[in-house]
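As structure tokens, the structure follows; a few thoughts come after it.
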Amino acid sequence: NMLRDEHGAIVGRASIGEDATDRHLAERQVQRLTGFLAALSRTQRAIIHRAERDHLLQEACSACVEAGQASIASAWLRVDGLLRMAAWAGPAERLFGALPAALDPGAGGFEQTLTGRALFDGLAGISNDLLRDPGALHWRDRVEVAGIRAQAVFPLRCAGEIVGVMLLHMDEPDWFD
């Protein structure tokens with residue numbers, strides 16, 4: 001509809017719009033949850049079929065990338081005093097370099113990282129903005145080059161003992177709720 005002044009001249013236009021932001025955010029949330037449920041379902045099938053450990057870890061990583069919308073998923077196990085990448089999916093070499101990679105959990109400050117807290121204390125953790133996270137300072141250049149913006153870290157347990165960690169990397173900040 002055109003807006004006119006007292007002389008009939010057009011001075012503007014009136015329209016009605018709808019703010020779809022909340023609806024769009026809700027739809028994205030449903031997509032995320034649907035993807036992660038599909039990833040969990042694939043992992044559960046691998047467990048039920050009693051897959052060997054390496055196959056199970058690889059299937060979990062692949063499911064997180066293919067169905068769960070992760071950019072990079074990786075599983076790391078304690079081996080000979082190091083944390084060694086046992087399985088991965090997505091372009092992990094962009095973040096970790098030559099694969100399979102290894103991290104030194106004895107390195108200074110490692111215990112204070114999300115990965116260190118998962119490995120030593122059994123605590124899952126999330127960083128929704130790795131470029132601004134002071135705990136990820138050492139990784140900032142690699143994170144930026146890899147296009148990674150958010151991360152979740154989960155301890156991996158076997159018979160109650162923490163044997164490693166699972167890392168999920170997303171290409172959007174604020175991905176995790």
statement: Note: Leu57 and Ala75 closest approach over all heavy atoms is CD2-CB, 3.9 Å

task: Can you measure from CG (Leu56) to CG (Leu156) and round to the nearest 0.5 angstrom?
output: 9.5 Å

task: Provide the closest heavy-atom pair for Leu99 versus Ala92 in the form atom of the first, atom of the second, distance.
output: CD1-CB, 3.9 Å

- prompt: Which residue, Cys64, Ser71, Cys61, forms the side-chain contact (heavy atoms from CB on, under 4.5 Å) with Leu168?
  reply: Cys64

message: Are Phe96 and Leu131 linked, directly or through intermediate hydrophobic residues, by side-chain heavy-atom contacts shorter than 4.5 Å (ILVMFWY only)?
response: yes

- prompt: Going from CG on Leu103 to CG on Leu167, what distance comes out if it is rounded to the nearest 0.5 angstrom?
  reply: 8.0 Å

task: State the CG-CZ distance between Leu95 and Arg142, to the nearest 0.5 angstrom.
output: 7.5 Å

message: Minimum heavy-atom separation for Gly122 and Pro155, please, with both atom names.
response: O-CG, 3.4 Å

field: Cluster check Val153, Leu119: I/L/V/M/F/W/Y, side chain < 4.5 angstrom
entry: yes

field: Shared hydrophobic cluster, Phe154 / Val165 (ILVMFWY, side-chain heavy atoms < 4.5 Å)
entry: no

message: Using 0.5 Å steps for rounding, measure from the CE atom of Met85 to the CH2 atom of Trp76.
response: 3.5 Å

- prompt: Should Arg4 and Ile10 count as side-chain neighbours, where that means a heavy-atom distance under 4.5 Å?
  reply: yes

message: When you compare the side chain of Leu114 with that of Ser127, does any pair of heavy atoms fall below 4.5 Å?
response: yes

message: Using only atom types and a distance under 3.5 Å, with no angle test, would you say the side chain of Arg149 pairs donor to acceptor with the backbone of Asp171?
response: no

task: I would like to know whether Leu130 and Arg140 meet side-chain contact (heavy atoms from CB on, under 4.5 Å); could you show each step before the answer?
output: CA-CA 7 Å; Leu130 285 170; Arg140 188 164 292 144; over 6 Å; no

task: Examine distances only and state if a side-chain atom of Asp129 and a backbone atom of Pro173 form a donor-acceptor pair shorter than 3.5 Å.
output: no

message: Can you confirm whether Asp5 is buried at CG, in the sense that more than 12 heavy atoms of other residues, nucleotides or ligands lie under 6.0 Å from that atom?
response: yes

task: Locate the shortest heavy-atom distance separating Asp104 from Gly81; write the atom from each residue and the value.
output: OD1-O, 4.3 Å

Side-chain touch Arg78/Leu83, heavy atoms, less than 4.5 angstrom: yes

message: If you define the side chain from C-beta out and look only at heavy atoms, does anything of Thr115 sit under 4.5 Å from Phe110?
response: yes

message: Quick check for you: to the nearest 0.5 Å, what is the distance between Gln151 atom CD and Asp133 atom CG?
response: 8.0 Å

message: So does Gly147 get a backbone contact from the side chain of Arg94, meaning a donor-acceptor N/O pair under 3.5 Å?
response: no

message: Any heavy-atom pair between the side chains of Pro91 and Ile72 that's under 4.5 Å?
response: yes

- prompt: What's the shortest heavy-atom distance between Glu93 and Gly90, and which atoms?
  reply: OE1-O, 4.4 Å

Pairwise distance CH2(Trp175) to CD1(Ile148) - rounded to 0.5 angstrom: 12.5 Å

message: Count I, L, V, M, F, W, Y as connected when their side-chain heavy atoms are under 4.5 Å apart, and connections chain through other members. Are Ile126 and Met170 then in the same cluster?
response: yes

message: Hydrophobic clustering (ILVMFWY, side-chain heavy atoms < 4.5 Å, transitive) - are Met166 and Ile162 grouped together?
response: no

